[in-house]
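Just the heavy atoms: all of them, side chains too, but no hydrogens, waters or symmetry mates, feed the values below. Both ligands and their constituent atoms are indexed starting at 1 by order of listing.
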Amino acid sequence: MAIPSPVQSAARAPGLVRRARKINRELAALYPDAHTELDFTTPLELLVATILSAQTTDKGVNRITPILFAKYRSAADYAAADRAEVEQIIQPTGFFRAKTTSIIGLGQALCERYGGEVPPRLKDLVTLPGVGRKTANVVLGNAFGVPGITVDTHFGRLARRFGWTTEDDPVKVEQEVGALFPKSEWTMLSHRLIWHGRRVCHARRPACGACGIARLCPSYGIGPTDPVEAAKLVKPGPFS
Ligand code: SF4
């Protein structure tokens, strides 16, 4: 099993930036359509969908959001929502009581503090119920066009496998990886790593022998390298 060598300082390691950007370019070629796999049409819908996506799949969220979004169209609708009705709709996404508390609280906070609109700033978004840094960056990057790095489980795992960071803390991962790329790449880089993590570079058995960036990856060999065996591990998607 090949383990990537520790990276003491991602920003200073010789050649790291060049190699990281090359991986990003190869991933861009492999996944030209990479995008968030949550369905949404407005910042509010994306914010709610991202809150609902905690501990479940985007596909599961996309199954219930058409019903939810048709019934609750504004922050005021969520603020005034009947708790039992929301719970019933979002139950399949799991942790539905906590998520109901978050999205009703979100509606109330948006109405009380932001005139019912989703604010386009990280410092404001993270003050909203149910909204952490990851959710805020998803919304900034995909609904407002503000560059953001989304450190979910896939992003963190792949960044460590590429040797871009040795950190587990998402904020530190965000900082170290962010230093390797121009801001304009941050949102698409996030999508590409998440797509590759879902399809090929899995947590347990990465499909190294069927991986399009194998020759660039310092962790090549931590999963099966036999092309036939590895091909069976690839999940083609879509996940939405
Ligand atoms: S599948 Fe293997 S070679 Fe490809 S990125 Fe993951 S660890 Fe590296």
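- A distance of 11.5 Å separates CG of L38 from CD of E45, quoted to the nearest 0.5 Å.
- With sequence neighbours excluded, the residues forming a salt bridge (Lys or Arg N to Asp or Glu O under 4.0 Å) with R205 are E229, listed by chain and number.
- Around atom 6 (Fe) of ligand 1, the protein atoms of type N, O or S found under 2.8 Å away are C201 SG, listed by chain and number.
- Between the CD1 atom in I51 and the OG1 atom in T93 there is a gap of 11.0 Å [rounded to 0.5 Å].
- Here is the list of ligand 1 atoms found below 4.0 Å of a heavy atom in F162: 5 (S).
- For the pair V48/F69, a side-chain contact is recorded, criterion being any heavy-atom separation below 4.5 Å from C-beta on.
- Within the structure, every pair that satisfies the side-chain hydrogen bond (donor to acceptor under 3.5 Å, both in side chains) test and touches residues 106-120, not counting sequence neighbours, is listed here: R113-T127, Y114-D124.
- Applying the side chain to side chain contact (heavy atoms under 4.5 Å, CB included) rule to V146 yields the partners L140, F144; only residues at least two apart in sequence or on another chain are considered.
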